[in-house]
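Have a look at the structure below, then the notes.
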2 protein chains.
Amino acid sequence: MNQQLHNGETSPHPGLAASTARHYPRAWQRPEVDRILHRDEHLFHEGESLTRAYVVVSGILKSYVIDEDGREQIIGFHMAGDTIGFEAVAGCPAASSVQALNTTSVRRISEAGAGNRTESTNQAVLLGMYQEMLRLTRTLQMERRSLEQRLAVFLIDFGERQARAGCSRNEFLLPMGRKDLARHLGLAPETLSRVFSRFRNRGILNVDDNHVTVLDPGALRLVAGHWDSPSARHSGNMSG
Amino acid sequence: MNQQLHNGETSPHPGLAASTARHYPRAWQRPEVDRILHRDEHLFHEGESLTRAYVVVSGILKSYVIDEDGREQIIGFHMAGDTIGFEAVAGCPAASSVQALNTTSVRRISEAGAGNRTESTNQAVLLGMYQEMLRLTRTLQMERRSLEQRLAVFLIDFGERQARAGCSRNEFLLPMGRKDLARHLGLAPETLSRVFSRFRNRGILNVDDNHVTVLDPGALRLVAGHWDSPSARHSGNMSG
DNA sequence: CGAGTGTTTGAACCCTCTCAAAACCTGTGG
DNA sequence: CCACAGGTTTTGAGAGGGTTCAAACACTCG
């Protein structure tokens, strides 16, 4: 259930986001790019009818929905290797809007229409949607946890993804602004800032604007996994 | 919490029932029921490998996950017409545990294994997963709202489902206990009780144990759609 | 250099949780 | 039918976490 956290191993290259552009996953030698989006550009909007699904080649996007009072709810961030737009395969309208946070390249991976689908495509899509549902479920659980834990889990998870892309697990450039990150985590930007400061004061990490260095991964993991929140004190087995 | 709330599209898609009907084997007992669960009985557990998906014929179930500190997180309630266990078709382990809250009957609708799948089954499953993702997204949004709005939205949605089942929209019996409902809405049982009392004192509804009567649907809708929660006061344009 | 935006910090407020106890419902046995 | 024990729901009081408001900084862009 929890994400694997391999520790100790420091990445050979202390590469930051700048190097992200060069480090494509090996699986696609010379990745074919079908579209390049610039900062703030949308890949598609919520409700739009989709014809293709996409895989992110480089860069980062956010997916979000706007609720009835105009507030933006960030569902998730999508980085190299992530697939978005499963709705296309199901023939359904886009469930969320997807917007690039930086210059981002994507590749189309699927055609709409039942006749076009192979069994393996179907399997891949089902698997992708399944994982998306797991991710949403995890996000949902995060909502009920303390700020500190939410941020810690996010940072660890982000580090994992960085590591998978060949970059450092413990030193990276957050590609999104504080406001986006705060909204994703479901808290006020001021509060996010405060938690960052708290972590810095405790020596857990160093943060200079978007440049984050995790100094004490163990402590961070401790915050992520166990917390002294009031709810933990009393709860035993409450299955009803 | 079905396809009703978010985008008001009346589904142009056939839905699951059509593709399912032709598959269902004529069963030994009641034609349409393959399994009956009693109170607290599980349909399946998280992580279990599934072979079938199910549609709820009558009764109610909850799906939940247990997080690392042993607390139960209720993902959703499932009532007549809802489909659960899409994971089976994707060949993935169950993403959550599903347990009956009352006597509940379900029907199997799909066989596992790639060879067994027809195109229409695939389409139905994709659609179902898509709707499940929409539901999760909506649930996620609910988390960021005030207690009162959360409960109001839940009650309205529940009323809608009741109405669709031919019952009254404004008077119904909540099939789950306070604890389950509270956990689903992400709050303490005491707090839920308080919100119920507040609603009653304002004349919005009457609640006698599980018997809920909505006296002022307009007011309830007002609470659900617009709210005086702290977060709404200041937020204007926050895009980008 | 000034305007505008984004980040940090500080102080006060309020919502929700926890803890504690009373009221209620339910089933059991006298 | 009533008394009693168990769980569940309600109510009350206090504490804490997170938000809002407000202002100081930092950084980019014209």
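Chain naming here is simple, since letters A, B, ... match the order of the sequence lines and numbering starts at 1 in each.
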Got a sec: does the CZ of Arg39(A) have more than 12 other heavy atoms crowding it under 6.0 Å?
-> no
Closest nucleotide among dT16(C), dT7(C), dC21(D) to the Leu147(B) side chain = dT16(C)
Please tell me which of the listed nucleotides, dT11(D), dT20(D), dT9(C), lies nearest to the side chain of Glu190(B)?
-> dT11(D)
Return the value, rounded to whole Å, for the distance between atom [atom1] of [X] and atom [atom2] of [N].
X	N	atom1	atom2	answer
Arg145(B)	dT19(D)	CZ	C1'	16 Å
Leu185(B)	dT9(D)	CG	P	14 Å
Asp180(A)	dT5(C)	CG	C1'	14 Å
Arg198(B)	dT16(C)	CZ	P	7 Å
Arg178(A)	dT28(D)	CZ	P	14 Å
Lys179(B)	dT18(C)	NZ	P	13 Å
Arg183(B)	dT18(C)	CZ	P	11 Å
Glu143(A)	dG17(D)	CD	P	19 Å

Option among Arg144(A), Gln141(A), Glu143(A) that satisfies the side chain to side chain donor-acceptor pair (under 3.5 Å) test with Gln73(B) =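 Checked Arg144(A), Gln141(A), Glu143(A) against Gln73(B); only one passes side chain to side chain donor-acceptor pair (under 3.5 Å): Arg144(A).
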Basic-acidic side-chain contact under 4.0 Å: Asp67(B), Arg145(A) |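 Yes, Asp67(B) and Arg145(A) are salt-bridged.
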More 5' along DNA chain D: Asp209(A) or Arg194(B), using each one's nearest nucleotide?
-> Arg194(B)
Taking for each residue the nucleotide of DNA chain D with the nearest heavy atom, is it Leu192(B) or Asp208(A) whose nucleotide lies nearer the 5' end?
->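 Going by which nucleotide is closer to the 5' end, it is Leu192(B).
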Using a cut-off of less than 4.0 Å, is there contact between a side-chain N or O of Thr191(B) and OP1 or OP2 of dC17(C)?
->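 So the side chain of Thr191(B) is within the cut-off, an N or O lying under 4.0 Å from OP1 or OP2 of dC17(C).
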Is there a side-chain polar atom (N or O) of Ser146(B) under 4.0 Å from OP1 or OP2 of dC15(C)?
->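 No.
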Indicate whether any N or O donor in one side chain lies under 3.5 Å from an N or O acceptor in the other, for His42(A) and Ser97(A).
-> no
Kindly assign one of parallel, tilted or perpendicular to the pair Phe154(A) and His184(A), based on the angle between their ring planes and the thresholds 30° and 60°.
-> perpendicular
